[in-house]
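Reviewing the structure listed below.
This chain uses plain numbering: 1 for the first residue, then up along the sequence. As the structure is a computational prediction, the values presented were derived from the model and not from experiment. The figures that follow rest on heavy atoms only: side chains count, while hydrogens, waters and symmetry mates do not.
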Amino acid sequence: MTDLVTLAELGSPLAVIGGAAYARYASPVAYWSTVGLPLSVARLLASYSSTMDACGLTVEPSRWRALAVRATTRREVRPVPPRRGIIRPTSTGLRMRLRLVPGQEPADVAASAERLRHAWGVHAVHVRDVKPGVVELRLVGFDVLRKVRMPRRSDSRPLEVPVALREDATAFVRDYRTVPHELVLGATLSGKSMYLRNLVTGLASQPVVLVGIDCKRGVELAPFAPRLSALATDPDQAAELLPVLVKEMEDRYDLIKTRQGIAPGTAEELITSDIWGLPEDERPAPLVLVIDEVAELFMVATRKEEERRDEMVTQLIRLAQLGRAAGIYLEVCGQRFGAELGKGATMLRAQLTGRVCHRVNDEASAKMALGDIAPEAVQASCAIAPELPGLAVVGDTSGGWSRIRTPYLSLADAAATCRATAHLAPDVPALNPFRPYVPPLPVAEPGSVATARPVTE
């Protein structure tokens with residue numbers, strides 16, 4: 001009987017430990033909220049001063065502070081760490097602001113992020129500059145990119161799409177007003193199509209003109225046909241569509257110039273240099289051109305195709321250079337993109353401000369995407385494992401970069417969203433000849449049960 005009681009007493013702690021270990025793997029959010037957060041806060045509060053001292057983030061106290069300590073207490077005068085703000089728990093970690101001591105800069109704290117991560121038992125520590133003298137530490141309790149859960153976002157502005165999750169548990173927002181054009185690279189099965197799928201469905205619910213060029217016979221963009229205002233599925237159709245887009249851009253510039261016919265007494269707020277300064281009833285809808293497998297536009301086999309290629313590349317470069325003010329934005333996707341594609345490729349890439357690099361097959365491809373803006377991000381993109389589709393490194397011409405991962409979205413759900421938002425597509429008469437054909441949905445017979453076909457990835 002005594003042995004049974006002893007086994008029962010031992011079984012309860014073992015069950016708790018086993019349950020916690022299972023929750024840590026199966027439900028990291030629940031584990032962090034119940035176990036990880038209290039432990040990390042306790043470590044932080046107990047070892048804050050000693051950890052800052054070990055990381056070299058303390059300075060000698062001022063003369064007046066040292067005199068005050070000696071006069072009021074008999075303890076040893078110790079180095080001063082950054083002043084810690086209120087600890088704010090989140091569902092994925094915690095946030096805390098630090099007021100830097102004189103002589104410190106945010107780079108000093110960022111250089112010690114790995115040491116802070118181990119000292120406080122969290123998955124990662126990210127440092128963000130808030131204002132002069134103040135930085136924010138964002139501690140992430142677990143790997144948020146292993147199972148992506150997008151944060152709730154209430155405020156959504158036009159041409160902003162939360163398309164992926166950053167490694168610091170914040171949303172990566174594709175903002176066309178800030179980054180007009182973007183290059184997206186990735187090998188087969190790297191998650192590039194999933195990124196594009198989330199982007200198109202996010203734009204579908206906004207009054208945006210969506211135009212697609214998919215030289216793989218439309219297999220990537222054809223499911224979104226109800227929401228597309230134009231679709232080209234081969235280089236010949238693309239060669240006909242691009243001049244129309246250039247003409248649309250020129251017409252928008254003429255509209256802006258007409259508004260700029262400055263008459264005496266015209267208010268300053270009525271003078272504009274892009275479409276966003278036009279009155280809302282005169283402003284044309286923004287247009288996003290999505291190009292999948294851009295290398296197919298550069299491939300040539302004959303002299304005639306080479307002339308067509310040169311014309312298309314010239315038109316793409318014009319759209320990239322001049323399209324922003326006219327409200328025309330480019331999303332260029334491909335597996336490889338560089339000078340070996342032909343004349344004009346490097347010049348076009350230079351106009352693409354945003355860069356997203358998924359898993360690639362060679363280091364040269366990563367350098368094409370990130371080498372000219374963030375060289376240290378090249379190695380991070382080369383380390384992406386094949387079993388993590390959707391994981392990517394994103395950067396821009398400011399030199400900043402971070403890892404992101406796109407949430408899973410089935411093709412059936414994306415196509416359903418585009419069908420439900422088809423009425424939001426703005427009317428552009430010049431694009432009507434290129435509008436894709438949308439077959440009507442089959443109507444189920446009375447009394448029959450329609451079963452949806454499975455969608456495979």
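Proximity of L185 to K192: side-chain heavy atoms (C-beta onward) are nowhere separated by under 4.5 Å. For the pair L189/R359, a side-chain contact is recorded, criterion being any heavy-atom separation below 4.5 Å from C-beta on. Between L348 and F337, some side-chain heavy-atom pair lies under the 4.5 Å cut-off. Contact of the L245 side chain with the Q315 side chain is not registered, since no non-hydrogen atoms from C-beta on lie closer than 4.5 Å. Inter-residue side-chain proximity for N198 and M194 is flagged as met; some heavy-atom pair is nearer than 4.5 Å. Under the 4.5 Å side-chain criterion, counting only non-hydrogen atoms from C-beta, I384 is not in contact with H358. A 4.5 Å side-chain heavy-atom check between R138 and R128 finds every atom pair outside the cut-off. Side-chain contact between E331 and V184 is present, with at least one heavy-atom pair separated by less than 4.5 Å.
The pair E250-R318 counts as a salt bridge, with a side-chain nitrogen and a carboxylate oxygen less than 4.0 angstrom apart.
For the atom pair OG (S205) and CZ (R227), the distance works out to 8.0 Å, reported to the nearest 0.5 Å. Atom CG of L94 is separated from atom CD1 of I87 by 6.5 Å, given to the nearest 0.5 angstrom. L409 CG to L196 CG: the interatomic distance, rounded to the nearest 0.5 Å, is 11.0 Å. Taking CD of Q206 as the start and CG of L424 as the end, the distance is 10.0 Å to the nearest 0.5 Å. Between the CZ atom in R149 and the CG atom in L165 there is a gap of 10.5 Å [rounded to 0.5 Å]. The structure places CG of L431 at 6.5 Å from CG of L241, a figure rounded to the nearest 0.5 Å.
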* To do: Starting from the C-alpha separation in whole Å, work towards a yes-or-no answer on side chain to side chain contact (heavy atoms under 4.5 Å, CB included) for L287 and R252.
  => CA-CA 11 Å; L287 186 150; R252 294 187 179 197; 4.3 Å; yes

* Walk me through it: do V356 and E182 pass the test side chain to side chain contact (heavy atoms under 4.5 Å, CB included)? => CA-CA 8 Å; V356 178; E182 187 176 65; 3.5 Å; yes

* **Candidate pair L221 and I213, rule side chain to side chain contact (heavy atoms under 4.5 Å, CB included), full reasoning** => CA-CA 8 Å; L221 299 181; I213 296 178; over 6 Å; no

* **Step-by-step side chain to side chain contact (heavy atoms under 4.5 Å, CB included) determination, Q237 to T233** => CA-CA 7 Å; Q237 294 180 7; T233 58; 3.3 Å; yes

* Asked: Going through the checks in order, is the salt bridge (charged side-chain N to carboxylate O under 4.0 Å, His left out) test met by E114 and R117?
  -> CA-CA 5 Å; E114 190 67 14; R117 177 178 82 88; 2.8 Å; yes

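Geometrically, R174 engages Y176 in a cation-pi contact defined by less than 6.0 Å to the ring centre and at most 45° from the axis.
Residues passing the salt bridge (charged side-chain N to carboxylate O under 4.0 Å, His left out) test with D108: none are found, sequence neighbours excluded.
With hydrogens and angles ignored, the 3.5 Å screen pairs no side-chain donor or acceptor of R95 with any backbone N or O of T90. Looking at Q104, its side chain does come within 3.5 Å of a backbone N or O of L57 through a donor-acceptor pair.
Tested against V393, the residues S402, C382, S381 include a single side chain to side chain contact (heavy atoms under 4.5 Å, CB included) partner, S381. The only member of I328, L319, L316 that meets side chain to side chain contact (heavy atoms under 4.5 Å, CB included) when paired with V246 is L319.
At most 12 heavy atoms of other shown residues, nucleotides or ligands fall within 6.0 angstrom of atom NZ in K247. Heavy-atom contacts from other residues, nucleotides or ligands closer than 6.0 Å to CZ of R166 number more than 12.
The aromatic rings of Y329 and H181 sit tilted relative to each other, their planes meeting at an angle between 30° and 60°.
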